[in-house]
Amino acid sequence: EAQVTQNPRYLITVTGKKLTVTCSQNMNHEYMSWYRQDPGLGLRQIYYSMNVEVTDKGDVPEGYKVSRKEKRNFPLILESPSPNQTSLYFCASSLLGVARDTQYFGPGTRLTVL
Amino acid sequence: QKEVEQNSGPLSVPEGAIASLNCTYSDRGSQSFFWYRQYSGKSPELIMSIYSNGDKEDGRFTAQLNKASQYVSLLIRDSQPSDSATYLCAVKGGTSYGKLTFGQGTILTVHP
């Protein structure tokens, strides 16, 4: 089944404890992206990747890191999480980009930073 | 001014009516426009995309784009309770290959 998977789905952590949210797709897509969703703010793009080893900032990259060492994986790293990073996170992928291609979203990761 | 702004909801319509959702954007160079639907507790899914001025119809959904006025809209005809969801407008700007900006979303409720 073609899908985007994220792990973990739920995570409660404490301020300053490094964490990684994994994202993997099995559709051989070139493009992957991370978003966070907060009430009243919609989806905001954190980082995106057009291809392996090519990443770029979205609208809210502060406090986050990403890497794209393999086409199928695009982990989101929070090296020192803070309470304002409590949010619902979505990973998405598309064949070539966002100009004409459909983006497929993962199921979401709900992160709480205490 | 927000880059992408949607009409504030929530929007409530009776079953069978037309639901109209609006979105404005600030980047005149924007090229691609999308409507996503998100059911409560679920991830967004693409329902319509539009790239040129005018109307694009797909079943009960019609997307309308007016680049001169910088707005894009979504009409849902014969609204059904199953259409109750949050609708997200997304715009790809003109200067970045991979950046996609979403509006804040409009909650639509279709009541029987």
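Proteins get letters first, then strands, A, B, ... in listed order; numbering begins at 1 in each. Worth saying up front: this structure is predicted, and the values here are computed from it rather than measured.
In terms of hydrophobic clustering, with Ile, Leu, Val, Met, Phe, Trp and Tyr side chains grouped at heavy-atom distances under 4.5 Å, A:I46 and A:F74 are assigned to a common cluster. The cluster map of Ile, Leu, Val, Met, Phe, Trp and Tyr, joined by side-chain heavy atoms under 4.5 Å apart, puts A:L76 and A:L11 in the same cluster. Both B:L46 and B:L100 are assigned to one and the same hydrophobic cluster, defined by single-linkage of ILVMFWY side chains at heavy-atom distances under 4.5 Å.
Applying the 6.0 Å contact sphere to CZ of A:R110 captures no more than 12 heavy atoms from other residues, nucleotides or ligands. Within 6.0 Å of OH in A:Y64 there are more than 12 heavy atoms belonging to other residues, nucleotides or ligands. Around NZ of A:K57, the count of heavy atoms belonging to other residues, nucleotides or ligands within 6.0 Å does not exceed 12. The neighbour count for B:I18 CD1, taken as heavy atoms of other residues, nucleotides or ligands under 6.0 Å away, does not exceed 12. Applying the 6.0 Å contact sphere to CD1 of A:I12 captures no more than 12 heavy atoms from other residues, nucleotides or ligands.
When heavy atoms are compared at a cutoff of 4.5 Å, B:L88 approaches chain A solely by way of its side chain, counted from C-beta outward. Heavy-atom distances place both the backbone and the side chain of A:R100 under 4.5 Å from chain B. Only the side chain of A:Y35 has a heavy atom closer than 4.5 Å to any heavy atom of chain B. With a 4.5 Å cut-off on non-hydrogen atoms, A:L41 touches chain B through its backbone but not through its side chain.
Interatomic distance, CD of A:Q45 versus OG1 of B:T101, reported as 7.0 Å (0.5 Å rounding). Interatomic distance, CZ of B:F34 versus CG of A:D101, reported as 8.0 Å (0.5 Å rounding).
Relative to the ring axis of B:F102, A:R44 does not place its NZ or CZ within 45° and under 6.0 Å from the centre.
For the salt bridge (Lys or Arg N to Asp or Glu O under 4.0 Å) condition, no pair includes a residue of residues 12-29 of chain B, sequence neighbours left out. Screening residues 12-112 of chain B for disulfide (SG to SG under 2.5 Å) gives B:C23-B:C89 as the qualifying pairs, with residues at least two apart or on separate chains.
Interface summary for chain B: among A:S94, A:P107, A:G42, the most heavy-atom pairs under 4.5 angstrom belong to A:G42. Comparing A:L88, A:D56, A:V98, A:T102 by how many heavy-atom pairs each has under 4.5 Å with chain B, the most go to A:V98. Across B:K42, B:Q6, B:Q104, B:Q31, the residue that shares the most heavy-atom pairs under 4.5 angstrom with chain A is B:Q104.
For A:D59 and B:K99, the salt-bridge test passes: some basic side-chain N is under 4.0 Å from an acidic carboxylate O.
Using a 4.5 Å cut-off on side-chain heavy atoms (C-beta onward), B:E45 and A:Y104 make no contact.
Shown here for A:L43 and B:P44, the closest heavy-atom pair between the two residues is CD1-CG, 3.7 Å. For the pair A:G106 and B:S43, the tightest heavy-atom approach, listed with the atom from each and the gap, is O-CB, 3.1 Å. Closest of all the heavy-atom pairs between A:F90 and B:Q38 is CZ-NE2, 3.7 Å.
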